[in-house]
Every structure is written in C-alpha cells, then in structure tokens.
Trainee: 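I have a structure I would like to understand better, so I am pasting it below and will then ask my questions one at a time.
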Amino acid sequence: MAMKPERIEAGKSYYTVERRKMGNTTMSCDSLSLVDIVAVHNDPPWNPSADVSQNGRVKRWYGSDLAKLREHPPEWLRNPLDGTRCHVCRALKSDGHRDDCQHPRAVAARKRGAR
C-alpha cells in the first residue's frame with residue numbers, strides 16, 4: 001500500500017513499483033526498485049518533498065511521487081513470461097508462498113492460520 005508523504009523518514013529505504021512495456025510488444029511487467037531517502041523537506045507543508053537516491057543519483061521528488069513509495073515490496077509481481085511471483089520467495093502465485101517466506105503478508109497469514 002502506498003504511504004502518506006508525512007510518514008517518510010530520512011535515512012530509510014523504500015520500494016517503488018512501475019509498470020513497464022516489454023520492448024515493441026503489447027506486454028508489460030512490474031518493475032521493482034529500491035529508493036533511499038537522503039533528506040525530507042516539509043516546507044511548505046502542503047507540498048512535501050524529499051531528496052531521493054536511486055542508483056547513486058540524488059534527485060528531488062515531490063508529493064505525487066512520494067505517495068507511490070512502499071515500505072514493503074508488493075506481494076506479487078506480474079511478468080507475462082515468468083508468471084506472477086512473490087518478490088521474496090520467488091514462488092508462483094498459483095502455488096502460494098513457501099513455508100519459509102518472510103514477506104510480511106505471508107508471515108501474517110501463517111500467524112492467522114496458527115490461531
């Protein structure tokens with residue numbers, strides 16, 4: 001789930017997910033990347049911004065881009081060639097998560113099942 005820009009902290013890493021076209025085809029896949037927050041600027045409060053480092057380059061992101069950041073990776077990533085898989089344990093969605101998967105949703109489901 002996307003985050004509110006006010007919850008973003010400097011020095012932490014977050015995930016961002018994009019849909020990308022696969023060459024000159026009609027297919028597209030999910031692209032996951034890790035983003036490091038260098039500094040957070042809350043002046044003015046109605047337009048928060050942050051200095052973000054992605055692949056070593058620092059760039060300023062504003063509210064609409066910051067709202068797309070995630071604290072945890074999504075549960076499933078879509079890829080038409082490889083199938084829909086978990087980012088953490090690489091299991092197919094049709095098979096479900098592996099027993100040792102550490103994805104937050106898989107851990108929560110195991111705790112609910114243990115009750």
Side-chain angles (χ1 to χ4, degrees):
M1 176 177 280
M3 296 181 61
K4 291 183 179 180
E6 298 84 34
R7 291 189 52 214
I8 295 171
E9 301 173 11
K12 289 188 75 175
S13 296
Y14 297 98
Y15 293 94
T16 181
V17 181
E18 299 173 338
R19 296 283 293 164
R20 294 212 176 163
K21 296 279 289 174
M22 296 179 68
N24 191 17
T25 67
T26 58
M27 295 187 290
S28 61
C29 66
D30 290 338
S31 172
L32 181 72
S33 57
L34 196 61
V35 173
D36 298 321
I37 305 296
V38 177
V40 177
H41 309 285
N42 288 325
D43 295 335
W46 61 85
N47 190 14
S49 63
D51 292 336
V52 173
S53 172
Q54 191 173 19
N55 297 330
R57 293 173 302 212
V58 177
K59 192 170 132 174
R60 180 153 298 181
W61 283 12
Y62 292 92
S64 59
D65 294 325
L66 294 176
K68 297 175 186 174
L69 294 177
R70 298 167 172 249
E71 200 166 351
H72 302 288
E75 188 170 10
W76 305 106
L77 291 175
R78 294 174 290 210
N79 186 341
L81 301 177
D82 195 25
T84 302
R85 294 184 175 270
C86 173
H87 170 69
V88 178
C89 67
R90 301 295 300 154
L92 286 170
K93 185 175 183 178
S94 58
D95 299 336
H97 290 283
R98 294 191 180 136
D99 293 334
D100 60 344
C101 182
Q102 294 301 313
H103 190 278
R105 288 193 179 171
V107 171
R110 282 197 295 271
K111 285 181 181 177
R112 279 194 310 269
R115 287 188 210 168

Trainee: Could you tell me whether the side chain of Arg90 and the main chain of Arg85 form a donor-acceptor pair under 3.5 Å?
Mentor: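 Not confirmed, Arg90 side chain does not pair with Arg85 backbone.
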Trainee: Do the ring centers of Trp76 and His97 come within less than 6.0 Å of each other?
Mentor: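 When the ring centroids of Trp76 and His97 are compared, they turn out to be within the sub-6.0 Å range.
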Trainee: Between the side chain of Tyr14 and the main-chain N/O of Glu9, is any donor-acceptor distance below 3.5 Å?
Mentor: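 It does hold such a pair.
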Trainee: Can a salt bridge be assigned to the pair Lys59 and Asp51 using a cut-off of 4.0 Å between side-chain N and carboxylate O?
Mentor: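 Asp51 and Lys59: not salt-bridged.
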Trainee: Hey, could you give me the OG/CZ distance between Ser28 and Arg19, rounded to the nearest 0.5 Å?
Mentor: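 These two atoms lie 3.5 Å from each other.
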Trainee: If we only count heavy atoms from C-beta on, is the Ile37 to Leu69 side-chain gap below 4.5 Å?
Mentor: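 Yes. Closest side-chain heavy atoms under 4.5 Å.
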Trainee: For a quick test of reading the model, state the closest non-hydrogen atom pair linking Ser53 to Val38 and the distance between them.
Mentor: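 Between these two residues, the closest heavy atoms are CB-CG2, 3.8 Å.
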Trainee: May I ask you to decide whether Glu71 forms a salt bridge with Lys12, counting only side-chain N to carboxylate O separations under 4.0 Å?
Mentor: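 So Glu71 pairs with Lys12 through a salt bridge.
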Trainee: Check Asn42 against Pro48 and note the closest heavy-atom contact, atom names and distance.
Mentor: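 Between these two residues, the closest heavy atoms are OD1-CB, 3.8 Å.
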Trainee: Evaluate the side-chain proximity of Pro74 to His87: yes if any heavy-atom separation is below 4.5 Å, no if none is.
Mentor: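 No, their side chains stay 4.5 Å or more apart.
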Trainee: If you measure from CZ on Arg78 to CE on Met27, what distance do you get to the nearest 0.5 Å?
Mentor: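 Atom-to-atom, Arg78:CZ and Met27:CE are 14.5 Å apart.
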Trainee: Which heavy-atom pair separates Ala10 from Val40 by the least distance, and what is that distance?
Mentor: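 Ala10 and Val40 have their closest heavy atoms at N-CG2, 3.8 Å.
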Trainee: Is any side-chain heavy atom of Trp61 closer than 4.5 Å to one of Gln54?
Mentor: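 When only atoms from C-beta onward are counted, Trp61 and Gln54 do touch, with a gap below 4.5 Å.
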Trainee: Work out which heavy atom in His41 is nearest to a heavy atom in Ala50; give both atom names and the distance.
Mentor: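 Looking at all heavy atoms of both residues, the closest pair is CD2-CA, 4.3 Å.
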Trainee: Given the rule that I, L, V, M, F, W and Y join up when any side-chain heavy atoms are under 4.5 Å apart, are Val52 and Tyr62 in one cluster?
Mentor: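 No, because Val52 and Tyr62 fall into different hydrophobic clusters, even though each may have its own neighbours under 4.5 Å.
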Trainee: Enter the distance from Arg60:CZ to Leu66:CG here, rounded to the nearest 0.5 Å.
Mentor: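 Those atoms lie 10.5 Å apart.
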Trainee: Taking Cys29's backbone N and O only, do any of them form a donor-acceptor pair with Asn79's side chain (distance below 3.5 Å, no angle check)?
Mentor: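 Not confirmed, Asn79 side chain does not pair with Cys29 backbone.
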Trainee: Give a yes or no on this: more than 12 heavy atoms of other residues, nucleotides or ligands lie within 6.0 Å of atom NZ of Lys111.
Mentor: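 No, not enclosed.
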Trainee: For the side chain of Arg20 and the backbone of Ser31, is there at least one donor-acceptor N/O pair under 3.5 Å apart?
Mentor: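 Looks like no, no N/O pair under 3.5 Å.
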Trainee: Do Val35 and Tyr15 have side-chain heavy atoms sitting under 4.5 Å apart?
Mentor: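 SC-SC contact between Val35 and Tyr15 ruled out.
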Trainee: Nearest heavy-atom pair of Ala91 and Gly96: which atoms, and what distance?
Mentor: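 Shortest heavy-atom contact: CB-O, 3.3 Å.
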Trainee: Between Cys89 and Cys86, what is the shortest heavy-atom contact and its length?
Mentor: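 Where Cys89 meets Cys86 most closely, the heavy atoms are N-SG, 3.5 Å.
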